[in-house]
Amino acid sequence: MRLSTLNVNSIRKRAPLVREFLDRAQPDLLFLQELKCKTEEFPGDAFADSGYRWHAVGQHGGRNGVAVLSKLPFEVVAEVLPGEDEDTHARYVEVAAGGARLAGIYLPNGNSGGAEGYAYKLRWMQRLRTLAAERLEDTTPYAILGDFNVCPTALDLEPGALPPTDALVRPESRSAFRALMHLGLTDAVRALHPEERLYTYWDYGAAFNANRGLRIDHVLLSASLAERLDKVEIDMSLRSQEQPSDHTAVTVTLR
DNA sequence: ATGGCTACAGCATGTAGA
């Protein structure tokens with residue numbers, strides 16, 4: 001089974017790029033973040049003859065939004081991360097597919113909205129940890145894929161790419177990420193490339209050519225899936241295209 | 001650090017991204 005994640009930064013702008021990626025990479029499931037559209041605006045026509053079925057969770061106001069596209073039959077298990085009343089952010093989609101439970105997430109950035117914006121990010125991480133702990137009580141293989149908006153360690157950003165006060169690298173953000181990992185999840189990229197500088201995001205402008213990047217898009221695997229981990233791929237070609245997303249795709253292959 | 005990018009709402013800039 002092959003699983004991919006990609007922050008598209010507007011699916012309406014990037015539908016052809018996503019289609020090209022599916023045709024070429026052929027993941028069984030692809031999780032998308034930052035649709036920046038309403039559910040009914042998802043450009044499903046671009047995938048009509050692709051062999052993939054899709055499910056989108058959009059949001060009004062052109063913010064957030066997550067989706068999944070799948071070659072395998074799947075059932076949508078959740079569209080909301082539990083734990084907070086009146087959370088209208090479209091940041092979570094969870095499916096059952098291929099005998100596994102798979103969550104696609106768009107974790108809050110945390111740099112906007114002042115103290116409350118950052119507090120929301122930390123609460124969201126706590127809520128995710130609570131739900132992940134629940135899922136891991138079950139023996140069903142489990143994975144969380146998506147844009148975590150956290151550089152877990154100093155190896156996960158080009159030195160100087162962010163100030164130490166940035167919400168992506170603040171100690172509380174990293175601590176919350178570690179707390180999630182300590183439930184027994186494996187960072188797929190780090191399992192196979194423990195010391196390599198690998199990035200999944202480069203700011204628009206000069207950052208890509210200078211490789212001033214961040215590793216913030218992650219695939220976390222339960223023990224049963226980590227045992228099956230065969231390969232991880234970070235698709236640099238997506239970021240080199242005309243009018244790319246500022247992120248690129250991460251794909252894991254499981255035996 | 002920020003906006004020098006980019007996208008969106010909506011039509012002038014403001015907000016967000018990371």
Side-chain angles (χ1 to χ4, degrees), chain A residues 5-18 31-43 46 56-67 87-92 104-125 128 145-177 189 197-218 234 236 238-250:
Chain A
T5 178
L6 171 64
N7 177 317
V8 280
N9 188 15
S10 167
I11 185 58
R12 287 177 292 176
K13 285 270 183 199
R14 239 67 75 183
L17 177 149
V18 172
F31 289 87
L32 298 176
Q33 302 88 37
E34 266 204 280
L35 302 182
K36 290 189 168 178
C37 70
K38 304 180 181 82
T39 301
E40 61 269 27
E41 293 172 334
F42 187 87
V57 183
Q59 184 178 319
H60 289 265
R63 303 240 167 92
N64 308 320
V66 291
D87 187 352
T88 55
H89 291 209
R91 296 181 177 277
Y92 190 83
I105 70 159
Y106 177 43
L107 208 148
N109 175 300
N111 279 308
S112 66
E116 168 52 25
Y118 188 61
Y120 175 67
K121 175 180 191 151
L122 293 182
R123 289 201 305 275
W124 209 94
M125 295 185 82
L128 180 62
L145 305 90
D147 178 357
F148 284 68
N149 271 317
V150 176
C151 305
T153 74
L155 195 59
D156 300 310
L157 75 162
E158 192 70 6
L162 294 175
T165 53
D166 193 283
L168 280 62
V169 296
R170 278 173 64 165
E172 300 94 324
S173 306
R174 286 176 164 170
S175 175
F177 185 85
V189 169
R197 287 201 171 274
L198 297 167
Y199 304 136
T200 64
Y201 163 93
W202 300 261
D203 200 357
Y204 288 117
F208 185 60
N209 284 334
N211 197 29
R212 197 163 54 245
L214 315 174
R215 192 175 76 91
I216 54 177
D217 301 277
H218 305 302
I234 299 176
M236 303 290 278
L238 277 182
R239 189 61 182 75
S240 308
Q241 294 189 9
E242 291 293 312
Q243 297 216 310
S245 167
D246 40 4
H247 296 245
T248 192
V250 180

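Letters A, B, ... are given to chains in the order of the sequence lines, protein chains preceding strands, and every chain is numbered from 1.
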Taking any heavy-atom pair under 4.0 Å as a contact, classify G110(A): base, sugar-phosphate, or nothing.
nothing
Indicate, with a heavy-atom threshold strictly under 4.0 Å, whether N149(A) touches base, sugar-phosphate, or nothing.
sugar-phosphate
Are side-chain heavy atoms of V189(A) and R215(A) found at a separation under 4.5 Å?
yes
Please work out if R212(A) contacts a base, only the sugar-phosphate, or nothing of the nucleic acid, heavy-atom cut-off 4.0 Å.
nothing
Name the nucleic acid region contacted by I216(A), choosing base, sugar-phosphate or nothing; use a 4.0 angstrom heavy-atom cut-off, strictly under.
sugar-phosphate
Check ion pair E116(A)-R123(A) (N to O, under 4.0 angstrom):
yes
Is the distance from OP1 or OP2 of dG17(B) to the nearest side-chain N or O of S112(A) less than 4.0 Å?
yes
dA18(B), OP1 or OP2 - any side-chain N/O from N109(A) closer than 4.0 Å?
yes
Please check the phosphate of dT6(B) (OP1 and OP2 only) for any side-chain N or O of S10(A) closer than 4.0 Å.
no
Watson-Crick and G-U pairing of DNA chain B written in dot-bracket, each distance under 3.5 angstrom, with | for inter-strand partners
....(((((...))))).
Where the side chain of N9(A) is defined as all heavy atoms beyond and including C-beta, which of dG17(B), dA7(B), dG3(B) is the nearest nucleotide?
dA7(B)
Residues in salt bridge (Lys or Arg N to Asp or Glu O under 4.0 Å) contact with E172(A), at least two apart in sequence or another chain:
R170(A)
Are the ring centres of H89(A) and Y106(A) closer than 6.0 Å?
no
Just to be sure I understand the rule, does D147(A) reach a base, reach only the sugar-phosphate, or reach nothing, if contact means heavy atoms closer than 4.0 Å?
sugar-phosphate
Looking at R14(A), does any N or O in its side chain come under 4.0 Å of the phosphate oxygens OP1/OP2 on dA7(B)?
yes
Counting the atoms with a prime plus P, OP1 and OP2 as sugar-phosphate, which does Q243(A) contact under 4.0 Å by heavy atoms, base, sugar-phosphate, or nothing?
nothing
Does the plane of the ring in F208(A) sit parallel, tilted or perpendicular to the ring in W202(A)? Use 30° and 60° as the thresholds.
perpendicular
By nearest heavy atom, map L168(A) and T165(A) onto DNA chain B; which one lands nearer the 5' end?
T165(A)
Has H60(A) got a side-chain N or O lying under 4.0 Å from the OP1 or OP2 atom of dA9(B)?
no
Under 4.0 Å, counting only non-hydrogen atoms across every strand here, what does F148(A) touch: a base, just sugar-phosphate, or nothing?
nothing
Just checking N64(A): base, sugar-phosphate only, or nothing, at a heavy-atom cut-off of under 4.0 Å?
nothing
I want to check one thing: is the phosphate of dA18(B), taken as OP1 and OP2, less than 4.0 Å away from some side-chain N or O of R215(A)?
no
With a 4.0 Å cut-off on heavy atoms, is R170(A) in touch with a base, just the backbone sugar-phosphate, or nothing at all?
nothing
